[in-house]
Number of protein chains: 2
Amino acid sequence: MRRRRYYCPVEVTVDVLAGRWTPVILAHLKEGVHRYGELRRRMPAVSEKVLTERLRGLERDGLVERTVHDGVPAPVSYRLTEEGRSLAPVLAALYDWGTARAARMGVPVEPVDGPVTPR
Amino acid sequence: MRRRRYYCPVEVTVDVLAGRWTPVILAHLKEGVHRYGELRRRMPAVSEKVLTERLRGLERDGLVERTVHDGVPAPVSYRLTEEGRSLAPVLAALYDWGTARAARMGVPVEPVDGPVTPR
DNA sequence: CTGCATCCGATGCGATACTG
DNA sequence: CAGTATCGCATCGGATGCAG
């Protein structure tokens, strides 16, 4: 973990989900196994650098598993670990509130490759 | 909102909850109205600068309401707005997962409910 | 008590170019 | 296809000092 002492459980969660894109990556992986390129398509606004950095960090924290498959070039897939799947309620809550907030604010949300529907 | 386009509802939520301390502040306010000093006591690791910045931002985003009471010096209290209270499921999920994660990792979480702990 | 002002380092993030 | 390497800006956030 990053800090010595925690005074609220929320601080623990925030440490793991830190960064602008970490929760978004996990929300997509919650839907199933995804290739690197699939994640890129679903997150057009994130740079390759940041996407890779976050995936490495999530791997280090034990939330995501990286698998290199046979093939040329070698396909790489990412999936949630058991620990990562335990975040499902958090990710669903983030998703639901974002949906409602966007509706209240009249802000459009345009998923790529069809809806990214949780659950 | 910060960005023009959203490709996933989670991005909307993350924009509002951005920052290391924002979710923690909201989680404390979810428990009830709090004075500035009470928030300081419950969040010993955050600086006054950041706490004030976040509270102002949350006020701007319509999640928190700031009230100056009579008295010298004037007491100031903070409470969630209706929009802020709509975050309750998100905050509860963050809290619950943090609690479980800390237990799995053997990391202690020590809430400050009593007197001030000086830094 | 509740803050604001200032400084400043650390980190996050985006853009671009390049590679096995 | 799935990354690395590099650069530079922006933002975050901690420390300190001061004020009404």
Side-chain angles (χ1 to χ4, degrees), chain A residues 1-7 11 14-25 28-29 33-61 64-79 113, chain B residues 1-7 10-11 14-25 28-29 33-61 64-79 115-116 118-119:
Chain A
M1 315 295 275
R2 281 92 175 169
R3 292 175 53 223
R4 305 254 172 137
R5 275 193 147 167
Y6 295 97
Y7 300 93
E11 300 174 14
V14 170
D15 258 12
V16 175
L17 297 186
R20 181 180 189 172
W21 294 106
T22 305
V24 182
I25 293 171
H28 285 300
L29 290 181
V33 180
H34 283 305
R35 299 266 298 270
Y36 180 82
E38 290 176 330
L39 290 174
R40 289 239 56 207
R41 275 193 294 281
R42 288 162 182 269
M43 306 169 60
V46 67
S47 68
E48 293 180 349
K49 168 180 174 286
V50 171
L51 178 57
T52 301
E53 278 177 1
R54 294 300 125 202
L55 285 169
R56 292 291 178 275
L58 289 170
E59 210 185 342
R60 213 175 43 247
D61 286 346
V64 164
E65 186 183 287
R66 178 176 182 269
T67 307
V68 182
H69 301 271
D70 290 338
V72 177
V76 179
S77 66
Y78 295 90
R79 59 184 305 218
D113 276 346
Chain B
M1 316 293 271
R2 282 90 175 171
R3 293 175 53 222
R4 304 273 170 124
R5 277 197 147 163
Y6 295 97
Y7 299 94
V10 175
E11 299 174 14
V14 170
D15 258 12
V16 175
L17 298 186
R20 180 180 189 173
W21 295 105
T22 305
V24 183
I25 293 171
H28 285 298
L29 291 181
V33 179
H34 282 305
R35 297 267 299 272
Y36 180 80
E38 289 177 331
L39 290 174
R40 289 275 297 141
R41 275 192 294 281
R42 288 162 182 269
M43 304 168 62
V46 68
S47 68
E48 293 178 349
K49 170 181 174 282
V50 171
L51 178 57
T52 301
E53 278 177 0
R54 293 300 126 206
L55 285 169
R56 293 289 176 276
L58 289 170
E59 212 184 341
R60 236 185 1 261
D61 286 347
V64 163
E65 186 183 286
R66 179 175 182 268
T67 306
V68 182
H69 301 271
D70 292 338
V72 176
V76 179
S77 67
Y78 296 90
R79 61 186 300 232
V116 187
R119 288 196 298 156

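Only this structure's heavy atoms are used, side chains among them; waters, hydrogens and symmetry mates stay out. Residue numbering restarts at 1 for every chain, and letters A, B, ... go by the order of the sequence lines.
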Base, sugar-phosphate, or nothing for B/Gly71, non-hydrogen atoms under 4.0 angstrom?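 Nothing, no nucleic acid heavy atom in range.
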Nearest heavy-atom pair of B/Ala18 and B/Arg54: which atoms, and what distance?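 Scanning both residues completely, I find the closest heavy atoms to be O-NH1, 4.1 Å.
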[X] [atom1] to [N] [atom2], straight-line distance once rounded to whole Å:
X       : N      : atom1 : atom2 : value
B/Glu38 : C/dC1  : CD    : P     : 11 Å
A/Glu53 : C/dA10 : CD    : C1'   : 14 Å
B/Arg35 : C/dT2  : CZ    : C1'   : 9 Å

For the side chain of [X], counting heavy atoms from C-beta on, which of [options] is nearest?
X       : options               : answer
A/Val50 : C/dC13, D/dC12, C/dG3 : C/dC13
A/Tyr36 : C/dT2, C/dG14, D/dG3  : D/dG3
A/Arg66 : D/dG3, D/dG14, C/dC4  : D/dG3

Treat a base pair as Watson-Crick or G-U wobble with both distances under 3.5 Å, then lay out DNA chain D in dot-bracket form, 5' to 3', with | for cross-strand pairs. ||||||||||||||||||||
Reckon [X] has a side-chain N or O less than 4.0 Å from the OP1 or OP2 of [N]?
X       : N      : answer
A/Trp21 : C/dG12 : no
B/Arg20 : C/dT11 : no
A/Arg54 : C/dC13 : yes
A/Arg40 : D/dG3  : no

A/Tyr6 OH to A/Asp15 CG distance, which is reported to the nearest 0.5 Å: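 So the OH of A/Tyr6 and the CG of A/Asp15 are separated by 3.5 Å.
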Would you tabulate the pairs of protein nitrogen or oxygen atoms and nucleotide nitrogen or oxygen atoms of nucleotides 16-20 of chain C closer than 3.5 angstrom?
none

With A/His34, which of A/Val76, A/Leu29, A/Ile25 fulfils side-chain contact (heavy atoms from CB on, under 4.5 Å)?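 So the option named by the test is A/Leu29.
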Earlier contact from the 5' end, DNA chain C, for B/Tyr78 and A/Gly19: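 Result of the comparison: B/Tyr78.
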Looking only at atom types and distance, does a side-chain atom of A/Arg40 sit under 3.5 Å from a main-chain N or O of A/Val46, one as donor and one as acceptor?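 Yes.
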Given side chains that start at C-beta, do those of B/Val24 and A/Tyr7 come closer than 4.5 Å, heavy atoms only?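 Contact flag for B/Val24/A/Tyr7 side chains = no.
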Tell me whether B/Glu38 is salt-bridged to B/Arg42, with the criterion being a basic N under 4.0 Å from an acidic carboxylate O.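 The answer is no: the pair does not qualify as a salt bridge.
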